[in-house]
S.K.: 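Questions regarding the structure given below will be posed in turn.
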Amino acid sequence: MRSLLALALLSFSLLQAAAASSPCRTEKTTFEHGERITDPLPHTYLNLADLPSQFSWEDKDGQNYLTPPRNQHIPQYCGSCWAMGTTSALSDRISIMRNNTYPMVQLATQVIINCRGGGSCQGGNPGGVYEYIHRHGLPDETCQNYEARNGECTPIEICENCSPKNGCVAIQDYTKYWVGDYGSVRGPDKMKAEIYARGPIGCGIDATEKLEQYTGGIFSERKLLPMINHEVSVVGWGVENGVEYWIVRNSWGTYWGENGFFRIMMHKDNLAIETECDWGVPLLKEPNKQHQVHKQQQQQQQEYKCSCVKKSDSVKTHVHTPEPHTYIKLEDIPAAYDIRNINGNDYSTVNRNQHIPQYCGSCWAMGTTSALSDRIKLMRKGAYPVINLSPQVLVDCVTANNSHGCDGGDPTAAYSYIYENGVPDETCTNYLAKTQSCEPENVCRNCDPSGKCFAVQKYTKYQVTEHGRVSGEDKMLSEIFARGPIACTIAVTSAFEQYTGGVFNDTTGAKSLDHEISIAGWGVTSGGVKYWIGRNSWGTYWGEAGWFRLIRGVDNLGVESNCDWAVPAAIH
Ligand SMILES: *[C@@H]1O[C@H](CO)[C@@H](O)[C@H](O)[C@H]1NC(C)=O
Ligand SMILES: *[C@@H]1O[C@H](CO)[C@@H](O)[C@H](O)[C@H]1NC(C)=O
Ligand SMILES: *[C@@H]1O[C@H](CO)[C@@H](O)[C@H](O)[C@H]1NC(C)=O
């Protein structure tokens, strides 16, 4: 009788598992060539009894080391959890190794899928991810955006640039990140030691229907025969009313669970979270090489040029409080300022590439969301979640003066749209470099295993309380110093396209404003040359790792004539 009941329960849970999301991870973590362990494992040198009762990389001594949240299921369903959980943990570990100094790196999950480094959108094995990155290295997402599709492992689908004339070409010189040691870990004590000493780990779980419905709190579910089918990243642990739990990052968007996270009861192997975990140790240089390969001049001349700004004076601003130049004294503004290093903290958000997977004149949406995302990070002192506002929603939804999307747009109209409507983060709508219609499904979506996509009803929208224009060196300095980065329009010359570093000085007198960037600081060289620090959206293989310096005070490239600012609303 008893065994019959058990059998009935068992088949019921098996049925349930089949009904839930289709498996995106193999049951076992396997390493084709075995684990790679050259350094002692943390549980062998840490005294487990000394580990704190609460610990999380989301808030360690007041610092957040976690990179932005992810959504594996947009723009279409893709069973890439095996690559998401692992690359997310590795990206976080890079921030930890660098003590949160610039740059924050988001590893290119799509390259892992394109090269079948463990699997595809039909599921895979996390062990393969570490082996792939150990052997081949992995670029950041400015080489390859996440597209939720099974691409091909060609040079162009590892690191690319696209231009209006030449189509897409492979980039030869770009920064790669590597993995040294990697292996498996299981059991609460060893998991804790690994997380505490080196950072988040990947873990296989049984993603049940109950977990899919989770909206918050400490989750618990144990099954007779758990079936590991999903990969997540465990970033810490805590205790509430005597119940110990893991803090886990999922890749189902911030609209799921607790801002994309869930907490799950520790010790009883709930959802089998304590049996199949994996870890890797990032290397910031290629293994067996003395130093990182330095970026050389591109063999091929790249063309980035766009007329991606179409400005119209008729777009209204909404200014409600006195602007900083009315209350800040110029002599109180420091000689140098850089959003990437304010008292040792990096408040810049991830770098972007507007031109992949195809050319798109979306600079007006990139420059504005980049400046605003940085302002949100600054306002929240880097606390989790670090938000990437969605430029794609602006590409889809902002229309002004008959121009919009990838044909170019108006930065003031971008801020005006956010003022009126708010804008979600990228886990609602990721960057696709194409113009879509502004329907609810293109503002915030989710997709299910049947291939159906639908609009998400409940999600966070980020608002601005006011926005306006600013021009002139002094007013720009006051605005940035008081409230953070601004979005500015510049004239792009071919010399600027080929820029590889240093303080740029245009000598052609170009003033035809056609490109949008963000200005996030300033400085003076030892030779006394004043410059702006700007962020472009042409990938980290361009310029100074995606950034540039431009001569200041002489309206070079027209940078001091047409800037926009926006003030983020408080986030609760
Ligand atoms: C629309 O843009 C064109 C050129 O981009 C400009 O000449 C025209 O004045 C603009 N219209 C309005 C209403 O601003
Ligand atoms: C890491 O950065 C924090 C904040 O800037 C600083 O207080 C701390 O000393 C740094 N730690 C190391 C090991 O550099
Ligand atoms: C920038 O270029 C202009 C025009 O050629 C030149 O007059 C100026 O001295 C240059 N500035 C610097 C700092 O090199």
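Nothing here was measured: the structure is a model prediction, and the numbers come from that model. Note that ligands are numbered from 1 as they come in the structure, with each ligand's atoms numbered from 1 the same way.
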S.K.: May I ask you to decide if Trp532's main-chain N or O and Arg549's side chain share a donor-acceptor pair within less than 3.5 Å?
M.R.: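 Here the side-chain-to-backbone pair does not exist.
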S.K.: Only heavy atoms of Val529, strictly under 4.0 Å: list the atoms of ligand 3 that pass.
M.R.: 13 (C)
S.K.: Answer yes or no: is there a donor N or O on one side and an acceptor on the other, between the side chain of Glu466 and the main chain of Thr321, under 3.5 Å?
M.R.: yes
S.K.: Classify the angle between the aromatic ring planes of Trp542 and Trp538 as parallel (below 30°), tilted (30 to 60°) or perpendicular (above 60°).
M.R.: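 Rings of Trp542 and Trp538: perpendicular, as their planes differ by over 60°.
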S.K.: Pick from Asn259, Asn71, Asp425: which one makes a side-chain hydrogen bond (donor to acceptor under 3.5 Å, both in side chains) with Thr254?
M.R.: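 That would be Asp425.
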S.K.: Check whether any N or O atom of Thr507, backbone or side chain, sits under 3.5 Å from an N or O atom of ligand 3, and answer yes or no.
M.R.: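 Between Thr507 and ligand 3, no N or O pair is found under 3.5 Å apart.
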S.K.: Which of the atoms of ligand 3 are close to Ile551, meaning less than 4.0 Å from one of its heavy atoms?
M.R.: 11 (N), 12 (C), 13 (C)
S.K.: Heavy-atom pairs closer than 4.0 Å: do any link ligand 3 to the side chain of Asp506, the backbone, both, or neither?
M.R.: neither
S.K.: Verify, without hydrogens or angle tests, whether Glu473 (side chain) and Val554 (backbone) share a donor-acceptor contact under 3.5 angstrom.
M.R.: no
S.K.: Look at atom 11 (N) of ligand 3 and say whether a protein heavy atom is found at less than 4.0 angstrom from it.
M.R.: yes
S.K.: Using a 4.0 Å cut-off to any heavy atom of Asn505, which atoms of ligand 3 qualify?
M.R.: 1 (C), 2 (O), 3 (C), 8 (C), 10 (C), 11 (N), 12 (C), 14 (O)
